[in-house]
Amino acid sequence: MKRTSLTSWLWMIIGALYFLLPLIATADFSLRAEKNKLGFLAYERVFADPRFISTFTFSLYVSILTIIASIILVVPTAYWVRLRVPTFRRAFEFITLLPLIIPAVVLVFGLSRIYGKYPFQFMIETPALFVVGNVIFALPYMYRSVDIGLRAIDVHTLTEAAQSLGASLPYTLLRVIFPNITVALLSGAFLTFAIVMGEFTMASLLVQPAFGPYMQQISSSKVYEPSAVAIISFMLTWACTGAIQLLGRRSPGQTQVAGSR
Amino acid sequence: MKRTSLTSWLWMIIGALYFLLPLIATADFSLRAEKNKLGFLAYERVFADPRFISTFTFSLYVSILTIIASIILVVPTAYWVRLRVPTFRRAFEFITLLPLIIPAVVLVFGLSRIYGKYPFQFMIETPALFVVGNVIFALPYMYRSVDIGLRAIDVHTLTEAAQSLGASLPYTLLRVIFPNITVALLSGAFLTFAIVMGEFTMASLLVQPAFGPYMQQISSSKVYEPSAVAIISFMLTWACTGAIQLLGRRSPGQTQVAGSR
Amino acid sequence: MAFLTLTNIRKVFGMAVAVDQFNLQVERGEFLSLLGPSGCGKTTTMRMIAGFETPTAGTIHLDGKDMTNISPTKRNVGMVFQSYALFPHLSARDNIGFGLKIAGQSKDAIAKRVNEMLALIKMQPQADRFPHQLSGGQQQRVALARALAVKPQVLLLDEPLSALDAKIRESLRNEIRDIQRALNITTVYVTHDQEEALSVSDRVVVMSAGHIEQIGTPLEIYSQPQTLFVADFVGSMNFIPGTVIDNKGNVRCASHTFNVGTNVSAFSANTAVRLALRPEELRVYNREPQQPDSFPVTLNSAEFMGTTYRLHLAAGELGTLLAEVPANYARTLHTAVGAPLQVQLPSEMLRVFTA
Amino acid sequence: MAFLTLTNIRKVFGMAVAVDQFNLQVERGEFLSLLGPSGCGKTTTMRMIAGFETPTAGTIHLDGKDMTNISPTKRNVGMVFQSYALFPHLSARDNIGFGLKIAGQSKDAIAKRVNEMLALIKMQPQADRFPHQLSGGQQQRVALARALAVKPQVLLLDEPLSALDAKIRESLRNEIRDIQRALNITTVYVTHDQEEALSVSDRVVVMSAGHIEQIGTPLEIYSQPQTLFVADFVGSMNFIPGTVIDNKGNVRCASHTFNVGTNVSAFSANTAVRLALRPEELRVYNREPQQPDSFPVTLNSAEFMGTTYRLHLAAGELGTLLAEVPANYARTLHTAVGAPLQVQLPSEMLRVFTA
């Protein structure tokens, strides 16, 4: 047994290094803005840049809208598919995977061609189209998370149990299904957040003042700041994950994180 | 029952439209390169462009290397984790999700800082570093697919059954585990393929002659060709999916596609 | 009209007929079981009573009202599932109160009724636990209380004990029976376990391939099976193929002739039949002294069953016969493998079925 | 030294002691069962014999050789799992041949042996089917053939029938027993089902909380349980709490006094004990005529069990007693709920345990 657990620790360390080395290298680099000295100069410069704040806030705003829209779109749909048309589940799952397959360029083209015309042109003038695009991009992750959450509970029997006690379908969805997939929803929301914050292609094609293009732009114009920005956004997402893990541990009976089965 | 199935068809159609409309709009647009006439002029131009062929071939080559490298890296690891250190499974799964969280820019910075130095500088001069980066990007999908494949079979008991019949662990991995997760592997390979073909950020930072930057570049310089390229690459990935579904149907006992549970 | 009446029920899924020609009358307060192998339509029948499926044809009346097309949310039928189906995010107490809350009862009324129910299932100490903190048996008791809290007209139980261990299964089935008696609630119980059905029911409906094979009390089902299917499905049974040779009740089985009395008058001569006899109805003796009407057999193996031994006997042309004898009596027999024994088939016990 | 010997085996997982002070000798060709509730250590013990776990202390010898630290791939031990564990991508034939191929046998030798095995389990017609095309019972028979094909020295079966239906469970356990006898292979069978253990084993090891409670033949285990645990776990048992009042075998239970003969000589006066009696050992009569040494009881409920009725009797201060009487005899009793009956506890049957 000793040998086994030694070997497995070794594997763990190799795996961790594989991912952490680039991160450490980046962090190290971000601290070397001043010659021959480790320091937070690059970070100070980043926080002093008003465009950092404005793009960050804008992407945050868009990601919240995206999360709300995805949940409203995905949860009743996934519930309905599981409950009433389980034969379509594979077809449906395939549809939600399409955004991974269809290149972003196609999506943006298509969306702007549809929504660029009367009476939809307001979509182009506001971030609405950007939100719609992000909902589509985030769909595979959100649908997958929700579906895994629904799989962990016995949707069919719980619904019938609620019905036999007099509950309507909307009541069941709100009072029985939602409370039992909160962790899955959080996990989907977190992935959506990470995707929206880092999204570049669509933001630049639609000329949105988003965080992705900002990162891209300082990457090509500055030396140390890009590393600092990267580390900041990594810390942020890491904090989100931690929060979800904590919430997951508290919730009774349903400690399933979408990633964990 | 009539009403129910009507409603569900309606949902299906709405869902399909939501995704297909952009695609149809793009396809339609790609056929309008000649004035007042539908035709394949844009496609002819694309195929006539030598850079289309060369970047496409290059990305295809990289994606095959990436798939092989990922399978060699992921399958024994996922098997080992399930078998010997199941307590680390969540930690491990989290690690494989990191590439979704760490922005591409960070990864590229980090990788080139590590591998740009002696004795690794050959990595920068060949596509090797690009392959390594792609393996990392594809990791969440490949690991997830393989893990779902392993979940569908009872890894633990099958391994013990093989052991009690005299089979070593490597023999078990090759002769028992591999043949029973082929569909999962195909599904992971397919997602990896789609990702590598569409990858833009890393390819352009590392100045690789890849398909992603080519698509991006013609998007900004041509009018109809980008749509044509998008449709071509969509057709291609669709064909891959179809092939996997067919293979999945034939394989005895193990018809599980990673996306389907 | 009976309290719960199913008339000419038929249910088709696509091309498959799940239930057909199903007629049943359940009296108020009766405990009725639907018994059959998986896929026989028993669960589909129950789901039609609950309203989760709509019959393709036929009607369902409850207390005189036509329920056939009423939504399950309006039926006032309590349901207990094999998988318990407790709401994971609610405590035992809140699970039991769920239906009362939907019915719009006041907080006080809900609290009072929930406490009554907790007392009924003897689970006051666990009232604030969540389902995942309860054992399987406790969860199923909470599910029972939840179904009963809203005072349903009919209680439906769908294989409620299948997921539990043998010992808990036995004690919980008696508890369910006691509660059913105490509340005098009309109950339909679905199970594939014949011991369960026989031990708790007032009447049993044996089903196979979507239709009713026999309706009767447990004793009738066990001792007077009307069809070959029931004889085979309920309990153990020896079947001996033979041919009716006259109208005086003589049946030839290989070189043996058995007189089965008037049972056989319904069959004309030369009909191929199967004689059926339960293992405990066979009489087994040592080879000496010779018993009248007996024939020699050899012991293949003996299974110890606690109160009884089950003997596997090689009976030559008649194949293998199964006999069950009390453990005390078995001690007087030769029980080495290969031991010579003799067997009597009491003609008054022999049942006759068309082959 | 016996064929398979476990000496002072102890297994600790982290802080938890799974198995302790385990000593067992299994003779060549013996069919031995490990019986106990889940978590009693029976599966861990079997996994140590198979080599999947290494004992924390103690030794395992097989045919005179120390196997304690040998890899499972080198033990020549056949294993059958609850979940069948057939290789899904291989046909029944290739599954059975898997171990032979690893052993490097020639194609002809493999084909010959596989055909023998297919004949043994009577599955030649299904030889080329894949596991998912076979029923559960068929899959388990293939798994048995696969384990036996390599001619193991010991066959280990880990709850092999738990995933199957009752009827198939019974027939397959007899088939396993017949094959075991035919091959005379030393077999260790793990189960939590006492009926299974009693019916097929030569000897049974009853385990609880990691240690051995009793080793004996099925009859010994059932009729002479050595500990309260065995008495409670194997079969049904009535327990009546009481106090020893003298050294002549008199035990007072509430207002009753029972003479249990010399059984009680091991206990000094005033020891708190529990008298134990199986339901079938109680004698039940109608209230009239009065039987000697009997006391009145009331019928709470009667469960029909096919060959017997199980009566739940309210016995006042003694609580509820369970009696099992033959169905024929039950017909002579008053069986309405609340019927007045009387009960005799035969003193020669009463077992005594420390409370």
Side-chain angles (χ1 to χ4, degrees), chain C residues 31 37-38 162 165-168 170-171 173-175 177-178 180-181 191-202 204 217-223 232-237 278-281 300-310 312 320 322 324-328 330-331 335 337, chain D residues 37-38 162 165-168 170-171 173-175 177-178 180-181 191-202 204 217-223 232-237 278-281 300-310 312 320 322 324-328 330-331 335 337-338:
Chain C
F31 194 121
S38 58
S162 301
D165 278 350
K167 289 243 161 183
I168 295 162
E170 272 187 40
S171 72
R173 86 183 178 212
N174 289 317
E175 201 173 325
R177 178 56 160 158
D178 291 346
Q180 186 270 339
R181 280 244 178 79
T191 182
H192 67 274
D193 181 328
Q194 41 116 352
E195 183 186 311
E196 223 167 271
L198 295 183
S199 61
V200 297
S201 317
D202 293 320
V204 177
T217 65
L219 185 62
E220 284 165 5
I221 297 285
Y222 187 82
S223 51
D232 193 26
F233 187 74
V234 178
S236 296
M237 190 72 89
R278 296 215 177 270
E280 68 268 22
E281 294 167 343
N300 267 349
S301 62
E303 288 179 82
F304 180 60
M305 311 292 288
T307 49
T308 59
Y309 271 91
R310 193 176 286 173
H312 298 255
T320 302
L322 207 61
E324 197 157 334
V325 298
N328 291 335
R331 266 167 239 159
T335 53
V337 171
Chain D
S38 58
S162 301
D165 279 351
K167 290 244 162 186
I168 295 161
E170 273 186 41
S171 72
R173 84 182 178 214
N174 289 317
E175 202 174 325
R177 178 54 160 158
D178 291 346
Q180 186 270 337
R181 281 242 177 82
T191 181
H192 68 272
D193 181 328
Q194 40 116 354
E195 183 186 311
E196 222 167 272
L198 295 183
S199 60
V200 297
S201 316
D202 294 319
V204 177
T217 65
L219 185 63
E220 284 165 7
I221 297 285
Y222 188 81
S223 51
D232 193 26
F233 186 74
V234 178
S236 295
M237 189 72 91
R278 297 215 175 270
E280 68 268 21
E281 294 166 343
N300 267 349
S301 62
E303 286 179 83
F304 180 59
M305 310 291 287
T307 49
T308 60
Y309 271 91
R310 194 176 285 174
H312 298 254
T320 301
L322 206 61
E324 196 158 332
V325 298
N328 290 335
R331 263 165 242 160
T335 52
V337 171

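Every value quoted in this text rests on a predicted model; they were computed, and no experiment measured them. Reminder, nothing fancy here: chain letters follow the sequence lines and each chain counts from 1.
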Approximate separation, where rounding is to 0.5 Å, of [X] [atom1] and [Y] [atom2]:
X	Y	atom1	atom2	value
Lys167(C)	His192(D)	NZ	NE2	12.0 Å
Met305(C)	Thr307(D)	CE	OG1	9.5 Å
Arg181(D)	Asn300(C)	CZ	CG	9.5 Å
Asp178(D)	His312(C)	CG	NE2	8.0 Å

Which portion of [X] sits near chain D, non-hydrogen atoms under 4.5 angstrom:
X	value
Glu324(C)	neither
Arg310(C)	side chain
Ile221(C)	neither
Tyr309(C)	side chain
Asn174(C)	side chain

Any Leu219(D) side-chain heavy atom under 4.5 Å of Arg331(C) side chain: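 The answer is yes; the side chains approach within 4.5 Å.
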
Let me see the working for Glu303(C) and Arg173(D) under salt bridge (Lys or Arg N to Asp or Glu O under 4.0 Å), right down to the final yes or no. CA-CA 10 Å; Glu303(C) 288 179 82; Arg173(D) 84 182 178 214; 2.9 Å; yes

Checking Glu281(D) against chain C: side chain, backbone, both or neither under 4.5 Å from a heavy atom?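 Neither part.
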
